[in-house]
Number of protein chains: 2
Amino acid sequence: MNILEKITQNNAAFSKSERKVAEVILANPQTAIHSSIATLAKMSDVSEPTVNRFCRRLDTKGFPDFKLHLAQSLANGTPYVNRHVDELDGPEEYTNKIFESTMASLEVARQSVDVNVVNRVVDLLTQAQKISFFGLGASASVAHDALNKFFRFNVPVVYFEDILMQRMSCMNCSDGDVVVLISHTGRTKSLVEIAQIARSNDATVVGITSGGSPLANECNYVLSLEVPEDTDMYMPMASRIAQLTLIDVLATGFTLRRGNKFRENLKRVKDTLRGSRYEKRGD
Amino acid sequence: MNILEKITQNNAAFSKSERKVAEVILANPQTAIHSSIATLAKMSDVSEPTVNRFCRRLDTKGFPDFKLHLAQSLANGTPYVNRHVDELDGPEEYTNKIFESTMASLEVARQSVDVNVVNRVVDLLTQAQKISFFGLGASASVAHDALNKFFRFNVPVVYFEDILMQRMSCMNCSDGDVVVLISHTGRTKSLVEIAQIARSNDATVVGITSGGSPLANECNYVLSLEVPEDTDMYMPMASRIAQLTLIDVLATGFTLRRGNKFRENLKRVKDTLRGSRYEKRGD
DNA sequence: ACACCAAATGTAGTAAAATTACAACTTTGC
DNA sequence: GCAAAGTTGTAATTTTACTACATTTGGTGT
């Protein structure tokens, strides 16, 4: 795909002069795309047809087509592909790979979100008497984050890490309460039990989990996120980010539903934090 | 920057014929980059110089240069632009906007990360006797997440929400301990104080924060993330995601440094979770 | 309504760029 | 060391883009 990578890989197939062209291009690709075939030939100290042959060897139609491909490779943000980390990767490689595959996963997640469910859940949340966020393991920090967000809305919001506290909290639920349960797999036993407890106490249960899972089956509403997880790392990574982004979506929907006046309230909450901070020069 | 957006925006400045060209290009940009000025002129039903003038109006050197810009816009599809949520947005719009601007922010964050610092911090973490993760407010959940990740590595790892516990923990630090402090603004007073306490007890302090902030100045190493935050919402959103992704990067670097054998250990940790879960059909 | 001016568009010629065909030169194997 | 295959360069050809100028269009003031 990426023509720059292709140049480095095909290196063996190049002839001596073609390699000269490759070097010049790799050394300064940004200049290459703005040069004519003549100037590039001069820079590489070869003839114009050689440059042309070089382009064709890379399966492009000719020099202008090659420049197009090169320009696309140089455009920042190259396609976000889910690239797995390799054992031999250096810091530069794995950093970029992680960022890129996170972005790729978000794109997949975005497409799997059902906006109708989002809308109804936002409805529920705005009307809720009490909102609870529960998750375990890696999803606990997502629930924790949701607490932080919804707490600012001046809504009774609950979050516990302890499963006994979670159970007790759900026991005391009543009509009008919303319980949001977060789990990537949707197979965590105690979370499924909590869903059952909450529902039998007339709470509405929303699951941010994988569709068709045991947990999903116990929920009134399911916000399913299909996120490809790199299982080689044995750690939840992309799923968490997708869950958090979904929390952001819900929080945003919430504030929009509440209107402008409510937004000012948020600003006040933020302003009270000022005392705990060093002022920014110029504030 | 993005020439496609530029075309849509500049629409008013175009003349009648130029608008015809714009339409044809917007309708099928992929074809446009592979066409000559003559064929594009014929498609738009205008003359060749008109196409050329159209290109110049968009501040390009001429038609070939314009094609280059267009190709870059089409690459990757740099479709991920930071789009602010509008009050009138429906669920579909704000959901997509949040996902897209999160992705855009990750791209910005990726470019702002200094991989050399990443490498040194990974070094530190692999050699650390004890690792602490502290953050407050929105960053608390990031620290919480880091705990969950590094806990799997069978390394002494510490995390507290309570600032007094954080302080006491740092008081007991010694040489070889690493304290990771997370804060978007880097202006939270108590976190800055914690950095000072930790350093005066010979711990190495790593900041995941904004470069040049009061917190950054107190750290031994700073992993600075420059993330544009949509301040209209009065909530930290993108910054959190970028921080989490950076934690993933560090965790990944950690496992890579520890080698293959260590990876198997991670698998064992994951396998012990199985008892708490409903089996997946086919496991 | 007409003349006039400015902006917009097109025509035709020109310059530049890329490609092709072919010749000269290397390299490789026997 | 010579032939054959492969590589590179020169020069001609073709394609492409650009410029200068002519024509048309649309609008403004008398």
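Just so we're on the same page: letters track the sequence lines, and every chain starts at 1.
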Take the protein atom [atom1] of [X] and the nucleotide atom [atom2] of [N], then report the distance between them rounded to whole Å.
X	N	atom1	atom2	answer
B/F54	D/dC18	CZ	C1'	17 Å
B/I33	D/dT16	CD1	P	16 Å
B/E18	C/dT9	CD	C1'	10 Å
B/K42	C/dT9	NZ	C1'	18 Å

Tell me every residue that passes salt bridge (charged side-chain N to carboxylate O under 4.0 Å, His left out) with [X], counting only those two or more places apart in sequence or in another chain.
X	result
B/D65	none
B/R53	none
A/D114	none

To check you understand the geometry: which heavy-atom pair defines the closest contact between B/V206 and B/C219, and what is its length?
C-SG, 4.2 Å

Sub-3.5 Å donor-acceptor pair from the side chain of A/R110 to the main-chain atoms of B/F99, do we have one?
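Side chain of A/R110 to backbone of B/F99: no pair is present.
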
Under 4.0 Å: is that the gap between some side-chain N or O of A/R57 and OP1 or OP2 of D/dG6?
no

Within less than 4.0 Å of OP1 or OP2 of C/dA18, is there a side-chain N or O belonging to A/N52?
no

Distance only, no hydrogens: is a donor on one side chain within 3.5 Å (strictly under) of an acceptor on the other, for [X] and [Y]?
X	Y	answer
A/S47	A/T50	yes
B/T102	B/S105	no
A/R120	A/N116	no
A/R257	A/N119	yes

Test of ring centre spacing under 6.0 Å for A/F54 and A/F66
yes

Collect all protein-nucleotide pairs involving nucleotides 10-13 of chain C in which both atoms are nitrogen or oxygen and the distance is under 3.5 Å.
from   : atom 1 : to    : atom 2 : distance (Å)
C/dG10 : OP2    : B/S47 : N      : 2.9
C/dG10 : OP2    : B/S47 : OG     : 3.3
C/dG10 : OP2    : B/T50 : OG1    : 3.1
C/dG10 : N7     : B/R53 : NH2    : 3.1

Would B/E23 and B/K20 pass as an ion pair if we require N to O under 4.0 Å?
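Here B/E23 does not pair with B/K20 in a salt bridge, since their nearest N and O are not under 4.0 Å apart.
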
Positions of residues 61-68 of chain A (non-hydrogen atom under 4.0 Å from DNA chain C), listed by number
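Result for residues 61-68 of chain A: A/G62, A/F63, A/P64, sorted by number.
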
Show me the protein contacts with nucleotides 24-28 of chain C, counting only N or O atoms at under 3.5 Å.
from   : atom 1 : to    : atom 2 : distance (Å)
C/dT27 : OP1    : A/K16 : NZ     : 3.4

